[in-house]
Amino acid sequence: MPELPEVETIRAALAPLLVGRTVLAADAHPSPKFAAAPAASGQRVTAVRRRGKYLLADLAGPDGRARELVIHLGMTGQLGADLDPTGPYARAWWRLDDGSTLVYRDVRRFGRIAVVDAGDHRSLPTLDALGPEPFGADFTPDGLWRALARSGARVKTQLLGQRVVAGVGNIYADEALWRAGIHPGARRVGRARAERLHTAVRGALALGLANGGTTLRDYRTVSGEPGRNQDQLACYGRAGHPCRRCGTTLRRAVVDARGTTWCPRCQRA
DNA sequence: GGCTGGCCCTGTACGC
DNA sequence: TGCGTACAGGGCCAGC
(Lines give C-alpha, C1' and ligand atoms only; values in the text may rest on other atoms or scores of the structure.)
Protein backbone atom coordinates (compact mmCIF):
# COMPACT_ATOMS: atom_id res chain seq x y z
CA MET A 1 0.00 0.00 0.00
CA PRO A 2 2.31 2.71 -1.22
CA GLU A 3 1.78 6.01 0.57
CA LEU A 4 3.83 9.19 0.37
CA PRO A 5 7.13 7.77 1.75
CA GLU A 6 6.95 4.74 -0.52
CA VAL A 7 6.00 6.74 -3.63
CA GLU A 8 8.70 9.34 -2.92
CA THR A 9 11.30 6.59 -2.51
CA ILE A 10 10.25 5.16 -5.87
CA ARG A 11 10.26 8.60 -7.50
CA ALA A 12 13.79 9.37 -6.32
CA ALA A 13 15.07 6.10 -7.76
CA LEU A 14 13.09 6.41 -10.97
CA ALA A 15 14.09 9.97 -11.89
CA PRO A 16 17.70 9.25 -12.92
CA LEU A 17 16.52 6.26 -14.99
CA LEU A 18 13.82 8.17 -16.88
CA VAL A 19 14.72 11.84 -17.21
CA GLY A 20 16.07 12.57 -20.69
CA ARG A 21 14.89 9.22 -22.05
CA THR A 22 12.43 8.89 -24.93
CA VAL A 23 9.71 6.23 -24.90
CA LEU A 24 10.13 4.18 -28.08
CA ALA A 25 7.27 1.73 -27.53
CA ALA A 26 4.73 0.80 -24.90
CA ASP A 27 1.89 -1.58 -24.26
CA ALA A 28 -0.73 -2.09 -21.57
CA HIS A 29 -3.34 -4.40 -20.15
CA PRO A 30 -6.71 -3.70 -21.86
CA SER A 31 -8.37 -2.58 -18.61
CA PRO A 32 -9.36 1.10 -18.81
CA LYS A 33 -7.30 1.60 -15.67
CA PHE A 34 -4.07 0.98 -17.60
CA ALA A 35 -4.93 1.28 -21.29
CA ALA A 36 -3.61 4.87 -21.53
CA ALA A 37 0.02 3.83 -20.93
CA PRO A 38 0.96 3.54 -24.65
CA ALA A 39 0.00 7.19 -25.17
CA ALA A 40 3.43 8.02 -23.75
CA SER A 41 5.09 6.54 -26.85
CA GLY A 42 7.25 8.99 -28.78
CA GLN A 43 7.48 11.31 -25.77
CA ARG A 44 10.62 12.40 -23.93
CA VAL A 45 10.61 12.41 -20.14
CA THR A 46 11.72 15.79 -18.80
CA ALA A 47 11.04 15.31 -15.07
CA VAL A 48 9.65 12.81 -12.59
CA ARG A 49 7.60 14.39 -9.82
CA ARG A 50 5.31 13.27 -7.04
CA ARG A 51 2.05 14.76 -5.83
CA GLY A 52 0.53 12.98 -2.85
CA LYS A 53 0.59 9.30 -3.80
CA TYR A 54 0.68 10.05 -7.53
CA LEU A 55 3.81 9.77 -9.68
CA LEU A 56 3.92 12.34 -12.49
CA ALA A 57 6.34 12.04 -15.40
CA ASP A 58 6.48 15.24 -17.44
CA LEU A 59 6.49 14.44 -21.16
CA ALA A 60 7.60 16.51 -24.16
CA GLY A 61 6.29 15.29 -27.50
CA PRO A 62 7.48 15.97 -31.04
CA ASP A 63 4.33 18.05 -31.55
CA GLY A 64 5.49 20.44 -28.82
CA ARG A 65 2.56 19.57 -26.60
CA ALA A 66 3.36 19.07 -22.90
CA ARG A 67 1.76 16.01 -21.31
CA GLU A 68 2.01 14.04 -18.08
CA LEU A 69 2.17 10.33 -17.49
CA VAL A 70 0.25 9.87 -14.23
CA ILE A 71 0.72 6.64 -12.27
CA HIS A 72 -1.06 5.66 -9.06
CA LEU A 73 0.25 2.44 -7.54
CA GLY A 74 -2.97 1.57 -5.73
CA MET A 75 -2.49 -1.26 -3.27
CA THR A 76 0.02 -3.54 -4.97
CA GLY A 77 1.55 -1.52 -7.81
CA GLN A 78 5.28 -1.86 -8.46
CA LEU A 79 7.59 -0.14 -10.95
CA GLY A 80 10.90 -1.58 -12.00
CA ALA A 81 13.35 -2.11 -14.83
CA ASP A 82 14.02 -5.67 -13.68
CA LEU A 83 10.40 -6.85 -13.74
CA ASP A 84 9.16 -9.24 -16.43
CA PRO A 85 6.94 -7.39 -18.95
CA THR A 86 5.36 -10.72 -19.95
CA GLY A 87 4.70 -11.78 -16.34
CA PRO A 88 1.14 -12.55 -15.24
CA TYR A 89 0.66 -9.30 -13.29
CA ALA A 90 2.48 -6.90 -15.63
CA ARG A 91 -0.11 -4.26 -16.51
CA ALA A 92 2.01 -1.91 -18.64
CA TRP A 93 5.53 -1.43 -19.96
CA TRP A 94 7.50 1.35 -21.67
CA ARG A 95 10.63 0.63 -23.76
CA LEU A 96 13.16 3.46 -23.58
CA ASP A 97 15.81 4.68 -26.01
CA ASP A 98 18.65 3.37 -23.83
CA GLY A 99 17.41 -0.20 -24.28
CA SER A 100 15.81 -0.49 -20.84
CA THR A 101 12.16 -1.29 -20.19
CA LEU A 102 10.13 0.14 -17.33
CA VAL A 103 7.46 -2.31 -16.19
CA TYR A 104 4.36 -1.64 -14.11
CA ARG A 105 3.19 -4.69 -12.15
CA ASP A 106 -0.02 -4.67 -10.13
CA VAL A 107 -1.47 -7.90 -8.73
CA ARG A 108 -4.79 -6.51 -7.47
CA ARG A 109 -5.26 -3.94 -10.22
CA PHE A 110 -6.13 -1.13 -7.82
CA GLY A 111 -3.63 1.18 -9.51
CA ARG A 112 -4.22 3.51 -12.39
CA ILE A 113 -2.32 4.99 -15.34
CA ALA A 114 -3.31 8.08 -17.29
CA VAL A 115 -1.70 10.33 -19.90
CA VAL A 116 -3.12 13.85 -19.76
CA ASP A 117 -2.29 17.33 -20.99
CA ALA A 118 0.11 18.94 -18.53
CA GLY A 119 -1.75 20.09 -15.44
CA ASP A 120 -5.14 18.87 -16.67
CA HIS A 121 -6.22 16.46 -13.92
CA ARG A 122 -9.98 16.66 -14.45
CA SER A 123 -10.12 12.96 -15.29
CA LEU A 124 -8.51 12.17 -11.90
CA PRO A 125 -10.80 13.77 -9.29
CA THR A 126 -8.69 12.95 -6.25
CA LEU A 127 -5.52 14.32 -7.85
CA ASP A 128 -7.46 17.35 -9.06
CA ALA A 129 -8.68 18.18 -5.54
CA LEU A 130 -5.54 17.12 -3.67
CA GLY A 131 -4.75 19.00 -0.45
CA PRO A 132 -1.38 20.52 0.48
CA GLU A 133 1.84 18.52 0.47
CA PRO A 134 2.63 17.64 4.12
CA PHE A 135 6.14 19.12 3.93
CA GLY A 136 5.05 22.16 1.94
CA ALA A 137 4.75 25.68 3.35
CA ASP A 138 1.01 25.69 2.73
CA PHE A 139 0.42 22.81 5.14
CA THR A 140 0.08 24.70 8.41
CA PRO A 141 -1.35 23.83 11.85
CA ASP A 142 -3.95 26.55 11.48
CA GLY A 143 -4.89 25.42 7.97
CA LEU A 144 -5.24 21.83 9.16
CA TRP A 145 -7.43 22.91 12.08
CA ARG A 146 -9.68 24.95 9.78
CA ALA A 147 -9.91 22.15 7.22
CA LEU A 148 -10.84 19.59 9.89
CA ALA A 149 -13.37 21.97 11.45
CA ARG A 150 -15.16 22.45 8.12
CA SER A 151 -16.20 18.80 8.05
CA GLY A 152 -18.11 16.60 10.42
CA ALA A 153 -16.45 13.40 9.19
CA ARG A 154 -14.17 11.32 11.41
CA VAL A 155 -10.62 12.64 11.61
CA LYS A 156 -9.13 9.44 10.18
CA THR A 157 -11.57 9.53 7.26
CA GLN A 158 -10.48 13.08 6.57
CA LEU A 159 -6.80 12.17 6.63
CA LEU A 160 -7.44 9.36 4.14
CA GLY A 161 -9.53 11.64 1.93
CA GLN A 162 -6.40 13.45 0.58
CA ARG A 163 -8.05 16.88 0.87
CA VAL A 164 -6.79 18.12 4.23
CA VAL A 165 -3.31 16.81 3.44
CA ALA A 166 -1.94 14.79 0.52
CA GLY A 167 -0.19 11.43 0.65
CA VAL A 168 -1.44 9.92 3.92
CA GLY A 169 -2.83 6.37 3.74
CA ASN A 170 -3.97 3.86 6.31
CA ILE A 171 -0.57 3.10 7.84
CA TYR A 172 0.62 6.67 8.36
CA ALA A 173 -2.86 7.85 9.40
CA ASP A 174 -2.83 5.37 12.30
CA GLU A 175 0.75 6.31 13.16
CA ALA A 176 0.05 10.05 13.09
CA LEU A 177 -3.12 9.79 15.19
CA TRP A 178 -1.27 7.65 17.73
CA ARG A 179 1.56 10.20 17.90
CA ALA A 180 -0.95 13.04 18.34
CA GLY A 181 -3.04 11.17 20.92
CA ILE A 182 -6.23 11.58 18.90
CA HIS A 183 -8.92 8.90 18.62
CA PRO A 184 -9.36 7.93 14.93
CA GLY A 185 -13.14 8.23 15.24
CA ALA A 186 -13.07 11.78 16.64
CA ARG A 187 -15.29 14.21 14.73
CA ARG A 188 -14.10 17.37 16.43
CA VAL A 189 -10.45 18.33 16.73
CA GLY A 190 -9.56 21.49 18.61
CA ARG A 191 -6.78 23.87 17.68
CA ALA A 192 -4.25 22.39 20.12
CA ARG A 193 -4.87 18.85 18.94
CA ALA A 194 -4.74 19.96 15.31
CA GLU A 195 -1.30 21.42 16.00
CA ARG A 196 -0.20 18.11 17.51
CA LEU A 197 -1.62 16.28 14.52
CA HIS A 198 0.25 18.57 12.12
CA THR A 199 3.53 17.71 13.86
CA ALA A 200 2.56 14.04 14.02
CA VAL A 201 1.74 13.73 10.32
CA ARG A 202 5.10 15.21 9.39
CA GLY A 203 6.90 13.08 11.96
CA ALA A 204 5.33 9.79 10.88
CA LEU A 205 5.94 10.50 7.20
CA ALA A 206 9.51 11.71 7.81
CA LEU A 207 10.35 8.49 9.65
CA GLY A 208 8.89 6.48 6.76
CA LEU A 209 10.93 8.49 4.26
CA ALA A 210 14.13 8.04 6.26
CA ASN A 211 13.57 4.28 6.26
CA GLY A 212 12.78 3.96 2.57
CA GLY A 213 9.10 3.17 3.14
CA THR A 214 7.08 0.49 4.88
CA THR A 215 6.94 -3.05 3.44
CA LEU A 216 4.17 -5.20 4.88
CA ARG A 217 3.75 -7.40 1.84
CA ASP A 218 3.96 -5.99 -1.67
CA TYR A 219 5.89 -2.72 -1.59
CA ARG A 220 9.33 -2.84 -3.15
CA THR A 221 11.70 -0.09 -4.23
CA VAL A 222 12.62 0.24 -7.92
CA SER A 223 15.61 -2.02 -7.29
CA GLY A 224 13.38 -4.65 -5.66
CA GLU A 225 14.41 -3.96 -2.06
CA PRO A 226 11.82 -3.88 0.75
CA GLY A 227 11.46 -0.78 2.94
CA ARG A 228 12.69 -0.72 6.54
CA ASN A 229 9.96 1.29 8.26
CA GLN A 230 7.80 -1.71 9.22
CA ASP A 231 10.14 -2.23 12.20
CA GLN A 232 9.53 1.33 13.37
CA LEU A 233 5.71 1.31 13.42
CA ALA A 234 4.33 2.18 16.84
CA CYS A 235 0.65 1.56 16.16
CA TYR A 236 -0.40 0.20 12.75
CA GLY A 237 -0.58 -3.59 12.74
CA ARG A 238 0.22 -3.85 16.47
CA ALA A 239 -3.28 -4.56 17.82
CA GLY A 240 -3.07 -6.84 20.85
CA HIS A 241 0.43 -5.61 21.66
CA PRO A 242 1.25 -3.06 24.40
CA CYS A 243 1.28 0.62 23.56
CA ARG A 244 4.89 1.83 23.43
CA ARG A 245 3.88 4.95 25.37
CA CYS A 246 1.67 3.67 28.18
CA GLY A 247 1.66 -0.14 27.96
CA THR A 248 -2.11 -0.43 27.39
CA THR A 249 -3.09 -3.13 24.89
CA LEU A 250 -3.72 -1.59 21.47
CA ARG A 251 -7.17 -2.18 19.99
CA ARG A 252 -8.32 -2.76 16.45
CA ALA A 253 -11.63 -1.95 14.79
CA VAL A 254 -12.94 -0.96 11.39
CA VAL A 255 -13.35 2.80 10.91
CA ASP A 256 -15.04 3.71 7.64
CA ALA A 257 -14.13 0.33 6.13
CA ARG A 258 -10.43 0.66 7.01
CA GLY A 259 -8.70 -1.51 9.56
CA THR A 260 -7.72 0.84 12.37
CA THR A 261 -5.45 0.38 15.39
CA TRP A 262 -5.34 2.78 18.35
CA CYS A 263 -4.46 2.98 22.03
CA PRO A 264 -7.65 3.24 24.14
CA ARG A 265 -5.75 5.15 26.84
CA CYS A 266 -3.55 7.56 24.85
CA GLN A 267 -6.24 8.15 22.24
CA ARG A 268 -9.46 8.54 24.20
CA ALA A 269 -12.70 9.03 22.30
C1' DG B 1 -22.49 19.87 -1.18
C1' DG B 2 -20.99 16.59 2.08
C1' DC B 3 -21.10 12.07 4.20
C1' DT B 4 -21.54 7.03 3.94
C1' DG B 5 -21.13 2.66 2.16
C1' DG B 6 -20.42 -0.49 -1.69
C1' DC B 7 -17.60 -1.93 -5.39
C1' DC B 8 -13.43 -3.17 -7.81
C1' DC B 9 -9.62 -6.98 -7.55
C1' DT B 10 -6.84 -11.22 -6.20
C1' DG B 11 -3.57 -13.55 -3.02
C1' DT B 12 -3.46 -15.24 1.55
C1' DA B 13 -5.18 -17.17 5.78
C1' DC B 14 -8.30 -19.82 8.04
C1' DG B 15 -12.17 -22.96 9.07
C1' DC B 16 -14.66 -26.97 7.94
C1' DT C 1 -6.34 -32.37 0.78
C1' DG C 2 -9.60 -29.40 -1.10
C1' DC C 3 -13.11 -26.19 -1.04
C1' DG C 4 -15.47 -21.97 0.53
C1' DT C 5 -15.25 -17.68 2.86
C1' DA C 6 -13.30 -13.55 4.96
C1' DC C 7 -10.00 -10.12 4.72
C1' DA C 8 -6.72 -6.58 3.11
C1' DG C 9 -7.64 -1.20 1.29
C1' DG C 10 -7.24 3.54 -2.36
C1' DG C 11 -10.11 5.68 -5.27
C1' DC C 12 -14.44 6.25 -7.35
C1' DC C 13 -19.29 6.68 -7.45
C1' DA C 14 -24.21 6.18 -6.28
C1' DG C 15 -27.47 7.17 -2.88
C1' DC C 16 -29.01 9.69 0.90
Side-chain angles (χ1 to χ4, degrees), chain A residues 1-8 10 28-36 50-56 70-79 83-84 87-92 104-114 116 121-131 134 146-177 184-189 201 204-205 208 213-220 226-227 229-230 233 235-240 251-262:
Chain A
M1 51 202 86
E3 303 178 31
L4 186 149
E6 291 76 35
V7 177
E8 178 58 28
I10 290 169
H29 186 279
S31 162
K33 289 185 166 190
F34 313 114
R50 179 196 54 75
R51 184 77 173 90
K53 304 178 204 172
Y54 291 84
L55 277 169
L56 307 170
V70 182
I71 300 174
H72 193 290
L73 299 170
M75 290 283 296
T76 56
Q78 299 173 346
L79 282 165
L83 299 174
D84 178 6
Y89 306 118
R91 308 303 181 191
Y104 176 74
R105 180 180 187 271
D106 187 356
V107 173
R108 291 192 210 170
R109 292 199 246 169
F110 271 40
R112 181 162 181 192
I113 298 171
V116 299
H121 301 146
R122 287 172 296 175
S123 61
L124 300 146
T126 302
L127 175 59
D128 201 37
L130 215 51
R146 290 176 189 278
L148 292 172
R150 271 195 295 270
S151 168
R154 295 180 183 90
V155 61
K156 177 164 177 179
T157 305
Q158 294 208 59
L159 287 177
L160 297 180
Q162 308 301 305
R163 288 195 174 217
V164 299
V165 62
V168 175
N170 206 33
I171 297 173
Y172 296 98
D174 276 6
E175 292 296 300
L177 289 167
R187 292 181 186 268
R188 286 186 182 178
V189 174
V201 166
L205 292 173
T214 302
T215 296
L216 298 176
R217 184 175 297 175
D218 299 287
Y219 165 68
R220 292 289 184 279
N229 200 54
Q230 56 277 10
L233 298 179
C235 184
Y236 180 89
R238 295 192 66 248
R251 282 191 196 159
R252 185 185 181 283
V254 175
V255 174
D256 288 337
R258 303 288 181 253
T260 299
T261 306
W262 79 98

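Below, all heavy atoms of this structure are taken into account, side chains as well, without hydrogens, waters or symmetry copies. To find a chain, count down the sequence lines: A is the first, B the second, and so on, and within it residues start at 1.
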S.K.: Among all residues two or more places apart in sequence or in another chain, which pass the side chain to side chain contact (heavy atoms under 4.5 Å, CB included) test with Val189(A)?
M.R.: Leu148(A), Val155(A), Ile182(A), Arg193(A), Ala194(A)
S.K.: Need the bend value for the helix from dG2(B)-dC16(C) to dC16(B)-dG2(C): angle between end axes, 5 pairs each end, nearest 10°.
M.R.: 50°
S.K.: Does a side-chain N or O of Arg187(A) approach OP1 or OP2 of dT4(B) to a distance below 4.0 Å, or not?
M.R.: yes
S.K.: Between the protein and nucleotides 4-7 of chain C, which nitrogen or oxygen pairs are less than 3.5 angstrom apart?
M.R.:
none

S.K.: Is the shortest side-chain N/O distance from Arg258(A) to OP1 or OP2 of dG10(C) below 4.0 Å?
M.R.: yes
S.K.: Are any of Lys33(A)'s side-chain N or O atoms less than 4.0 Å away from OP1 or OP2 of dG11(C)?
M.R.: no
S.K.: To the nearest 0.5 Å, what is the distance between OH on Tyr89(A) and CZ on Arg109(A)?
M.R.: 10.0 Å
S.K.: Within a reach of under 6.0 Å around CZ of Arg251(A), are more than 12 heavy atoms found that belong to other residues, nucleotides or ligands?
M.R.: no
S.K.: Should Arg109(A) be listed as having a side-chain N or O under 4.0 Å from OP1 or OP2 of dT10(B)?
M.R.: yes
S.K.: Whole-Å distance between dG11(B) P and Met75(A) CE?
M.R.: 14 Å
S.K.: Compare side-chain N and O positions of Gln162(A) against OP1 and OP2 of dG10(C) and report whether any pair is under 4.0 Å apart.
M.R.: no
S.K.: Taking OP1 and OP2 of dG11(B), is either one under 4.0 Å from a side-chain nitrogen or oxygen of Tyr89(A)?
M.R.: yes
S.K.: For the base of dG10(C), is there a side-chain donor-acceptor partner from Arg112(A) under 3.5 Å away?
M.R.: no
S.K.: Take the protein atom CG of Leu73(A) and the nucleotide atom P of dC8(B), then report the distance between them rounded to whole Å.
M.R.: 23 Å
